[in-house]
Amino acid sequence: MTMAHDASADIEMHQLPLDLRRGDHTVRLRHLASDDGNALLDFGRRQPDEDLLFQERDITNVADIGDWIHETEAGRIRSVVAEENGEIIGYATIERGRLRWTRHVAEIRVMVDVGARRLGLGHIMLGLAFESALSDDVAKIIAQMTPDQVGARKIFERLGFVEDAVLTRHVASADGELHDLLVMRFDTKQRMICKECGQAVLTLIPMQGKQLCWACYEILDHELGAG
Ligand SMILES: CC(C)(COP(=O)(O)OP(=O)(O)OC[C@H]1O[C@@H](n2cnc3c(N)ncnc32)[C@H](O)[C@@H]1OP(=O)(O)O)[C@@H](O)C(=O)NCCC(=O)NCCS
């Protein structure tokens, strides 16, 4: 059985499935399952058109969802979903570049149900996907979004992502209108390794002559306090 988890940081893939409390909501974070097709389709069909526009797959379409599940099962995509009362209310994916010359690039996608936004779920799932992408041997992590997606920009910037490019008039919506596409990037050479546990992190905290990640810092701090 999983314990409800209040903290938003430091959740790692190997801890899934995990129940998370956000206000009145208890949300289960877990890996995508092979029988999630209908729940994903329901999720996709609840989202506004402008948020679906920039998705590589049409998540309102059965065939595209089937392809996504198949790619996840084959290990080419890592997919995490957030579930509440049997409904999928968000997801994050990590996908390596499929072309020979983009194998060093991983792309993260994150989406939260319009009815479950501003609860911190986007930030949590992105953090999970980001840590997982960092542990891969990639040189660059990217995310694509609409330039006016304030929330999306904010959660990526908080992790150290910066603007890589704005491709003007790059995306056509169903009505024929053209939209700009913002690409954000994180160069993984920015990451640092905790000397204690080997975890890749953005910042290290010095303690007792060691450079530690936040989790190891807390453990050592606790041990020293107890001693
Ligand atoms: C981007 C997205 C995943 C954020 O999900 P979320 O669960 O609402 O995000 P969080 O609740 O974790 O919010 C994280 C921060 O962004 C801020 N934020 C979120 N949405 C915001 C908005 N519309 N305007 C301003 N700030 C916003 C929150 O206030 C929070 O900051 P805070 O902790 O200082 O309050 C969600 O808006 C979404 O699914 N958008 C459509 C898909 C998309 O654009 N994905 C990103 C590209 S892959």
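Residues take their numbers from the sequence shown, with the count starting at 1. First listed ligand is number 1; within each ligand, the first listed atom is number 1. No experiment lies behind these values; they were computed from the predicted model shown.
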What atoms in ligand 1 come closer than 4.0 Å to a heavy atom of [X]?
X	answer
Q144	47 (C), 48 (S)
A152	1 (C), 44 (O), 46 (C)
M145	47 (C)

What protein heavy atom sits nearest [atom], and how far away is it?
atom	answer
atom 25 (C) of ligand 1	V150 CG1, 3.5 Å
atom 2 (C) of ligand 1	I155 CD1, 4.4 Å
atom 42 (C) of ligand 1	V110 O, 3.7 Å
atom 11 (O) of ligand 1	G120 N, 2.7 Å
atom 33 (O) of ligand 1	R158 NH2, 3.3 Å
atom 39 (O) of ligand 1	V112 N, 2.8 Å
atom 28 (C) of ligand 1	R118 NE, 3.5 Å
atom 12 (O) of ligand 1	H123 N, 2.8 Å

Counting only nitrogen or oxygen atoms and a 3.5 angstrom limit, does [X] reach ligand 1?
X	answer
R109	no
L119	yes
G122	yes
M111	no

Check D164 with R185, please: is the shortest side-chain N to carboxylate O separation under 4.0 Å?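 A salt bridge links R185 with D164.
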For the residue pair [X] and [Y], establish whether any side-chain heavy-atom pair is separated by less than 4.5 Å.
X	Y	result
I89	V112	no
L224	M207	yes
R30	D36	yes
V105	I142	yes

Are the aromatic ring centres of F161 and F130 under 6.0 angstrom apart?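 Yes, the ring centres sit under 6.0 Å apart.
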Between E163 and V183, is there a donor-acceptor pair closer than 3.5 Å when you use the side chain of the first and the backbone of the second?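 Answer holds: no.
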Just by modelled atom types, is the V138 backbone N or O under 3.5 Å from a matching donor or acceptor in the T188 side chain?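 Present.
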Location of contacts on Q149 toward ligand 1, heavy atoms closer than 4.0 Å: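 Q149 to ligand 1: side-chain contact only, backbone stays beyond 4.0 Å.
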Once you restrict to heavy atoms under 4.0 Å, what part of A143 touches ligand 1? Side chain, backbone, both or neither.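 For A143, there is no contact with ligand 1 at all, from either part.
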Under the side-chain contact (heavy atoms from CB on, under 4.5 Å) criterion, do C194 and Q211 qualify, and how do the steps go? CA-CA 6 Å; C194 171; Q211 295 290 325; over 6 Å; no
Can you confirm whether more than 12 heavy atoms, excluding those of D175, are under 6.0 Å from its CG atom?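 Atom CG in D175 is packed in, count exceeds 12.
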Can you tell which of K154, R117, M125 gets a heavy atom nearest to atom 36 (C) of ligand 1?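 Going through K154, R117, M125 one by one, R117 has the nearest heavy atom to atom 36 (C) of ligand 1.
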Going through the checks in order, is the side-chain contact (heavy atoms from CB on, under 4.5 Å) test met by T93 and I108? CA-CA 6 Å; T93 60; I108 292 182; over 6 Å; no
